[in-house]
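Note that the coordinates shown come from a computational prediction; the quantities given were computed from them, not determined experimentally. Worth knowing before you read on, the calculation uses all heavy atoms, side chains too, and leaves out hydrogens, waters and symmetry mates.
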Amino acid sequence: METGKQKEKRSLRFLRASSAGVLILLLGFYSSIPSVHSSVNGWVMLYTQKSAQSITGAILRAGHLAPLKAVLLAAFQTAVLPWLLPYGAAANAACFGPARGCLISLAGALAGASVWYGLIRLLLGGISQNRWTALPRRDFWFGYCLFAASNWLTLGMLAVPAALAGALRISCRRFVLFALLAELPILTLYTFFGTEYRVLLPNPVEAVFRILGVAMALVALAIGVFAWKKHQAARQNEKVSKVSEP
């Protein structure tokens, strides 16, 4: 009869095999169906032009479905072209206003980052067996500082911390919370201060975010060192107690 761990391992193997199959199927669709191939290439070209005006026009052409298309474009950009976040954020702000545009960009960013989080967590789940990955799952502040540091150092490339969270097997609920807390400040600045003609943040603002990212990384390191020393002390006390037993 199967134990709980055996059932969990079997279900994880099934999920990993299913995820790999879906990836292969999507790649097959992309390479064999011309309409899918042209649509994906069109979206890539839309963003690689680095023109918020072009993205704005593509969104507005969707008519009543413009908000849905904006979310899909933001999700695609986060998953495939994460370094081009400022252009999509500025376009959404131009189409829907700063507040609504920020929320649409955030929804798309969460959707795109969730793809990386889910895939890495399923396909690289064996990493979770390492003892060092227990701390990010157990300690909220260590996990958040690590997540925020990787997001702010990359200026909002949410796919990077999402993949890291998946590799460390941080819970889905915490991943969503971390993503909201780490991405919202950057998106707010991009949508409220960026325009179709000037999408990048001023150099001092970018420098502040990178400094905050370094500070968060140092805080995470300090928490990790403290937790490691505490764990070592507990193990030493356990050995001493075993030796002192009659």
Side-chain angles (χ1 to χ4, degrees), residues 39-117 144 147-165 175-213 215-216:
S39 295
V40 173
N41 285 353
W43 284 14
V44 171
M45 289 180 63
L46 182 66
Y47 276 97
T48 52
Q49 291 176 18
K50 294 184 177 180
S51 170
Q53 289 175 298
S54 300
I55 302 171
T56 300
I59 292 171
L60 293 178
R61 280 195 294 272
H64 295 299
L65 297 178
L68 177 60
K69 186 171 184 179
V71 171
L72 290 175
L73 282 172
F76 176 81
Q77 173 269 313
T78 300
V80 181
L81 305 164
W83 59 92
L84 297 177
L85 169 68
Y87 300 93
N92 287 333
C95 291
F96 309 106
R100 194 178 171 202
C102 182
L103 292 177
I104 286 174
S105 297
L106 184 61
L110 287 175
S114 297
V115 173
W116 279 104
Y117 169 76
Y144 173 67
F147 192 100
S150 59
N151 194 52
W152 293 347
L153 285 171
T154 58
L155 294 178
M157 296 184 197
L158 197 56
V160 176
L164 180 64
F175 160 69
V176 173
L177 180 59
F178 290 170
L180 285 171
L181 293 176
E183 187 74 355
L184 187 57
I186 293 180
L187 274 177
T188 300
L189 290 177
Y190 277 136
T191 52
F192 278 85
F193 295 103
T195 67
E196 290 181 271
Y197 307 99
R198 185 181 181 279
V199 300
L200 300 178
L201 294 175
N203 288 333
V205 178
E206 289 189 0
V208 167
F209 267 110
R210 294 191 190 277
I211 291 170
L212 288 174
M216 283 293 195

Q. If every non-hydrogen atom of Ala74 is compared with every non-hydrogen atom of Gly108, which pair is closest and at what distance?
A. CB-CA, 3.7 Å
Q | Euclidean distance, Phe147 CZ relative to Met216 CE, rounded to 0.5 Å | A | 12.0 Å
Q | Close side-chain approach of Pro82 and Leu158, heavy atoms under 4.5 Å | A | no
**Q.** Pairs flagged by side-chain hydrogen bond (donor to acceptor under 3.5 Å, both in side chains) wherever residues 76-90 is involved - sequence neighbours left out
**A.** none
Q. Once you round to the nearest 0.5 Å, how far does NZ of Lys69 lie from CD1 of Ile55?
A. 11.0 Å
Q. Which pair of heavy atoms, one from Leu184 and one from Thr188, lies closest together, and at what distance?
A. O-OG1, 2.7 Å
Q.
Using every non-hydrogen atom in the two residues, find where Ser150 and Pro161 come nearest and quote the distance to one decimal.
A. OG-CB, 3.1 Å
Q. What class does the angle between the rings of Tyr117 and Phe175 fall in, given that below 30° is parallel, 30 to 60° is tilted and above 60° is perpendicular?
A. parallel
Q. With a 4.5 Å heavy-atom cut-off, do Ser105 and Glu183 have their side chains touching?
A. no
**Q.** Met157 CE to Leu85 CG distance, which is reported to the nearest 0.5 Å
**A.** 9.0 Å
Q: Write down the atom of Ala89, the atom of Leu187, and the distance for their closest heavy-atom approach.
A: CB-CD2, 4.1 Å
Q. When rounded to the nearest 0.5 angstrom, what is the spacing between CD1 in Ile59 and CG in Leu65?
A. 13.0 Å
Q) Does the pair Val80 and Tyr47 meet the rule for a side chain to side chain contact (heavy atoms under 4.5 Å, CB included), with working shown? A) CA-CA 10 Å; Val80 181; Tyr47 276 97; over 6 Å; no
Q.
Could you tell me if the side chain of Val176 sits less than 4.5 Å from the side chain of Ser114, heavy atoms only?
A. no
**Q.** Parallel, tilted or perpendicular: rings of Phe76 and Trp43 (30°, 60°)
**A.** perpendicular
**Q.** Exam field: side chain Trp116 to backbone Val160, donor-acceptor pair closer than 3.5 Å
**A.** no
(Q) Rounded to the nearest 0.5 Å, what separates atom CG in Asn151 from atom CG in Leu212? (A) 12.0 Å
Q) Which pair of non-hydrogen atoms, one from Pro185 and one from Leu180, has the smallest distance, and what is that distance? A) CD-O, 4.4 Å
Q. Asn92 side chain to Ile104 main-chain N or O, any donor-acceptor pair under 3.5 Å?
A. no
Q. What heavy-atom pair brings Ala149 and Gly213 nearest, and what distance separates the two atoms?
A. CB-O, 3.3 Å
**Q.** Approximate separation, where rounding is to 0.5 Å, of Ile186 CD1 and Trp152 CH2
**A.** 7.5 Å
